[in-house]
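Presented below is the structure to which this report refers.
Keep in mind that this is a model prediction, so the values were computed, not measured. A, B, ... follow the sequence lines: proteins, then strands. Residue 1 opens every chain.
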2 protein chains.
Amino acid sequence: MATKTPVRPGGRSARIQQSVHLAVNELLDGGNREDLTVPLIAARAGVTPSTIYRRWGDLPALLADVAAQYFETDEVPQETGAFDSDLRAWGHQFHEEMSSPTGVQYIRDVLVGDQGGHSGACAGYALAQVEQIAQRWPQAKEPSVPEIMDHLVAPLMYGIVFAGNRLSAADVDALVDRLLPPED
Amino acid sequence: MATKTPVRPGGRSARIQQSVHLAVNELLDGGNREDLTVPLIAARAGVTPSTIYRRWGDLPALLADVAAQYFETDEVPQETGAFDSDLRAWGHQFHEEMSSPTGVQYIRDVLVGDQGGHSGACAGYALAQVEQIAQRWPQAKEPSVPEIMDHLVAPLMYGIVFAGNRLSAADVDALVDRLLPPED
DNA sequence: ATACTAAAGCAAAGATATTGCTTTTAGCTC
DNA sequence: GAGCTAAAAGCAATATCTTTGCTTTAGTAT
């Protein structure tokens, strides 16, 4: 169930979808994460709570949907003129983004929401960006996309989600260095 | 807040803690994960709902506590006679355990529960086991414990949590191979 | 335009969460 | 070990959230 598409996606449904998403994001920015409730969101969005329950199911599912939407915006990874430096720059940017309070929150929400449905959003986001970089430099065979996922993305995400530690920029560099073939 | 230790840990408090944990595990085994509620657990544990709310806060926190307890039981990694094979055997066993339906559920519960408090439990479990193996073979310098966490544990967990894919045994082997120094 | 029906609104009913107060009892002191 | 103190459980009333049947609104097709 991606972004909960109604059978009738136009007009009012679309407006309500936007309005509810906006309300969630505004309330999240407001910081009161704890007392975020469906009725509160509904009031802010100018909607009846039952509308939200009927369309999204419950609060976690709604939050997962909002978070997933965030990860669906694919930015273009910075172009630096070489594969190595593109990868390095992206690694830093990605880690910065994901380890920020907002990033961590979105990751959690995506994981918590509907069982497994959206969790791909987060993985997909990283994968899409890595693939973009790889396709930009077809002659560079090493490291492969799966290797980058396993040995750069995975350690970064593991640190953020499980260890709760924010790796230093030097740590990110070390991970990238380890991936790149030795220069001669 | 580990295993929600009351100021008065003996007698009745301990009994209730056990009884509630047991009720949760029984109901989880019963499979009806969806309609698991605090009142239901309370009824099964022979306890008043307000007791659970007062001690654990809410359902996710309780589930996180139960899951964290599971990860606190430290088994001894299998001894195979060499560092390489100990690491390989553990990698397989760990992956097997964590990618099982039960394992995935516990991981989720730990992540969802109290914000960051318990999430270490899961990481701590893996780390403790890797450290045990490392200490068993002090002369083996490579790979280091952090390297194992970054390049074996992290990819396994990333696959399970984000990609929702269960890696094959061959994939686990490949990760271990990649870590071990080249034989001459 | 009109008809058809998905989706929203409304409101009552049902379930869960919170809270003030009372009762029980673990842990301490004598 | 008997008594004291306060932490934690029980109880019950209240507040809040969730679900659901029915009505109304408004996209979409004809």
Side-chain angles (χ1 to χ4, degrees), chain A residues 1-24 26-28 30 32-66 69 109 112-115 117, chain B residues 1-24 26-28 30 32-66 69 109 112-115 117:
Chain A
M1 114 180 173
T3 310
K4 197 62 178 189
T5 310
V7 175
R8 196 182 276 181
R12 180 164 65 164
S13 291
R15 277 197 307 278
I16 283 181
Q17 151 112 341
Q18 283 177 6
S19 159
V20 168
H21 274 224
L22 181 63
V24 169
E26 285 176 350
L27 289 168
L28 282 178
N32 32 2
R33 187 103 190 11
E34 287 306 306
D35 10 304
L36 189 64
T37 66
V38 170
L40 187 68
I41 295 166
R44 175 133 197 165
V47 160
T48 245
S50 66
T51 294
I52 293 181
Y53 288 116
R54 282 224 164 88
R55 257 181 87 171
W56 281 275
D58 59 7
L59 181 60
L62 171 56
L63 295 180
D65 189 42
V66 171
Q69 177 148 301
D109 287 340
V112 174
D114 53 12
Q115 308 287 47
Chain B
M1 109 186 180
T3 309
K4 197 65 180 187
T5 310
V7 174
R8 196 183 276 181
R12 180 164 65 164
S13 291
R15 276 196 309 277
I16 283 181
Q17 152 112 340
Q18 284 177 4
S19 157
V20 169
H21 274 224
L22 181 64
V24 169
E26 284 176 351
L27 289 169
L28 282 179
N32 32 2
R33 186 107 194 9
E34 287 306 307
D35 9 306
L36 189 64
T37 66
V38 170
L40 188 68
I41 295 166
R44 175 135 197 162
V47 158
T48 246
S50 66
T51 296
I52 294 182
Y53 289 118
R54 284 227 163 87
R55 256 182 86 172
W56 281 277
D58 57 8
L59 180 60
L62 170 57
L63 295 180
D65 188 43
V66 171
Q69 178 149 302
D109 287 341
V112 174
D114 54 12
Q115 309 286 47

Whole angstrom is fine here: how far is it from CD in A:E34 over to P in C:dT18? 11 Å
Contacts of A:T37 meeting side chain to side chain contact (heavy atoms under 4.5 Å, CB included) (sequence neighbours excluded), chain-then-number -> A:P39, A:L40
Between A:A64 and A:G113, what is the shortest heavy-atom contact and its length? CB-CA, 3.4 Å
Check the distance between C:dT16's P and B:L40's CG and give it to me in whole angstrom. 8 Å
Separation of atom CG in A:L36 from atom C1' in D:dC17, rounded to whole Å: 13 Å
Excluding sequence neighbours, so at least two apart, what forms side chain to side chain contact (heavy atoms under 4.5 Å, CB included) with A:I16? A:R12, A:V20, A:V47, A:T51, A:R55
For B:L22, check side chain to side chain contact (heavy atoms under 4.5 Å, CB included) against everything at least two apart and list the hits. B:E26
Just verifying a value: how many Å separate A:D109 CG and A:R33 CZ, rounded to the nearest 0.5 Å? 4.5 Å
In whole angstroms, how far is the P atom of C:dA8 from the CD1 atom of A:I52? 10 Å
Atom CD1 of A:I41 and atom P of D:dT16: how far apart are they, to the nearest Å? 17 Å
Rounded to the nearest angstrom, tell me the gap between atom CG in B:L59 and atom C1' in D:dC17. 15 Å
Evaluate the side chain to side chain contact (heavy atoms under 4.5 Å, CB included) criterion for residues A:V24 and A:L28: first the C-alpha distance (whole Å), next the side-chain angles of each, then the deciding distance (0.1 Å), finally the verdict. CA-CA 6 Å; A:V24 169; A:L28 282 178; 3.9 Å; yes
Between the protein and nucleotides 9-11 of chain D, which nitrogen or oxygen pairs come in under 3.5 angstrom?
{"from": "D:dA9", "atom 1": "OP1", "to": "B:R55", "atom 2": "NH1", "distance (Å)": "2.7"}
{"from": "D:dA9", "atom 1": "O4'", "to": "B:R12", "atom 2": "NH2", "distance (Å)": "3.3"}
{"from": "D:dG10", "atom 1": "OP2", "to": "B:T48", "atom 2": "N", "distance (Å)": "3.3"}
{"from": "D:dG10", "atom 1": "OP2", "to": "B:T51", "atom 2": "OG1", "distance (Å)": "2.5"}
{"from": "D:dG10", "atom 1": "O6", "to": "B:R54", "atom 2": "NH1", "distance (Å)": "3.3"}
{"from": "D:dC11", "atom 1": "N4", "to": "B:S50", "atom 2": "OG", "distance (Å)": "3.0"}

